[in-house]
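Whatever order the structure lists them in is the order used to number ligands and atoms, beginning at 1.
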Amino acid sequence: MERFEVDILGCGSALPTTKHSLSSQVVNLRDKLFMIDCGEATQLQFRAMKLNFMRLNHIFISHLHGDHCFGLPGLISTLGLLGRTAELHVHAQPDAEKMFRPMLDYFCKELPYPVIFQAFDPKKNALIFEDRTLCVSTIPLKHRVPTAGFLFEEKPKRAHILREMIDFYQVPFSQINAVKDGADFVTPDGQIVANARLTRPADAPQKYAYCSDTSYYEKIIPIIEGVDLLYHDTTFGESEAVRAKQTMHSTAHQAAEIARAANVKKLVLGHFSARYPNENVLLTEAQAIFPNTVLAAELTCLKL
Ligand SMILES: [Zn+2]
Ligand SMILES: [Zn+2]
């Protein structure tokens, strides 16, 4: 299986503690790195995970609460000190550029690379990034300020060739790509070899959904239906359900209800309130509804 993993840099909520860092993670798709959220000190966690700064070209910011974006100016400044020349794209709602551009103009006058803010509408479920292998779209969420999660979807992959059959029929190198794309092979004496004899089906494309700060919000269910991995706001346990509602966050119970309704394969809980010295209480509450649930933890890697 080709590499598709999520590195957890921080999974605490607004108040940093010695246990948890602020929200940030990196989606690593075949060594292309995509950062989601950038709380304060994210760059230190990035270094601690031994990730390569030069492979990071896109940062997605879910919303403009400090615990999700205060790390941005520091990271951008450091990338300049490291001699970056490639463009860096920051995908965020329109106010992000209004907030951060003056800061960059003041503190990073000599920045040797361009920072390009790409605005999206957090109220819409829309495609905001696409390359040869991946699509990223927004997941509108329900929080105190405009907020979007992100759905990372691999594009359909090509079939695997069966090397022994390719050798047996002496398929020339020039036709391998066509075979991978589904073409039959015609031998020099006119015999048609069906594609199914030459290939085995491609791996199913994988999907990851990041649902940052949000109240319980059923409208996301069709968008995240069937994802391989769902990260969902789990700031509180059931005993704090009233507080969760007031602050527009979710409980473990609610995150698990969403995971179950959306038929996701695995749920990872995160954005933990500092009030829990041990989040096993959250895990137990969620697993009662959705057994395939795990707790996020800093400096760990979740493989899809
Ligand atoms: Zn937050
Ligand atoms: Zn927030």
Side-chain angles (χ1 to χ4, degrees), residues 6-27 34-46 59-75 90-100 119-124 138-151 208-217 219-220 224 230-237 240-255 258 267-276 279 282 286 295-300:
V6 179
D7 298 314
I8 306 292
L9 277 60
C11 56
S13 61
L15 189 66
T17 63
T18 49
K19 185 173 180 197
H20 287 301
S21 298
L22 298 165
S23 285
S24 183
Q25 33 185 272
V26 169
V27 173
F34 302 87
M35 182 177 284
I36 309 174
D37 282 339
C38 189
E40 199 179 339
T42 285
Q43 56 172 321
L44 299 177
Q45 295 293 88
F46 195 96
I59 300 176
F60 298 83
I61 301 292
S62 66
H63 66 300
L64 298 179
H65 275 158
D67 56 321
H68 296 257
C69 63
F70 279 174
L72 207 47
L75 174 62
V90 178
H91 305 259
Q93 58 182 280
D95 278 359
E97 181 156 21
K98 277 190 225 157
M99 301 304 298
F100 288 109
F120 62 72
D121 180 351
K123 293 193 202 72
K124 289 195 178 135
T138 41
I139 307 169
L141 299 173
K142 192 174 163 192
H143 192 43
R144 304 195 301 280
V145 297
T147 303
F150 303 105
L151 177 65
Y208 171 58
Y210 173 83
C211 292
S212 168
D213 302 10
T214 185
S215 296
Y216 178 75
Y217 194 41
K219 285 190 180 161
I220 68 175
I224 62 171
L230 166 65
Y231 177 97
H232 196 284
D233 176 344
T234 310
T235 309
F236 299 109
E240 298 290 335
V242 173
R243 177 105 183 105
K245 196 166 186 179
Q246 284 166 349
T247 56
M248 300 186 83
H249 283 293
S250 294
T251 63
H253 185 281
Q254 291 170 330
I258 292 286
L267 169 66
V268 53
L269 310 178
H271 200 271
F272 305 123
S273 164
R275 76 192 60 215
Y276 299 104
E279 291 92 16
L282 305 179
L295 295 170
E298 277 77 7
L299 310 184
T300 61

Original post:
Would a line drawn from the ring center of H271 to the ring center of H232 be shorter than 6.0 Å?
Top reply: no
Subject >> Short side-chain to backbone donor-acceptor contact, S13 and F272, under 3.5 Å >> reply: yes
Subject >> Polar side chain donor-acceptor pair, T214 to D233, under 3.5 angstrom >> reply: no
Subject >> Residue from L9, L75, V90 passing side chain to side chain contact (heavy atoms under 4.5 Å, CB included) with C38 >> reply: L75
Original post:
Centres of the F120 and F150 rings: under 6.0 Å?
Top reply: yes
Original post:
Which N, O or S atoms belonging to the protein are less than 2.8 Å from the Zn ion (ligand 1)?
Top reply: D67 OD2, H68 NE2, D213 OD2, H271 NE2
Original post:
With distance as the sole criterion, is a donor-acceptor pair present between the side chains of E298 and S21 under 3.5 Å?
Top reply: no
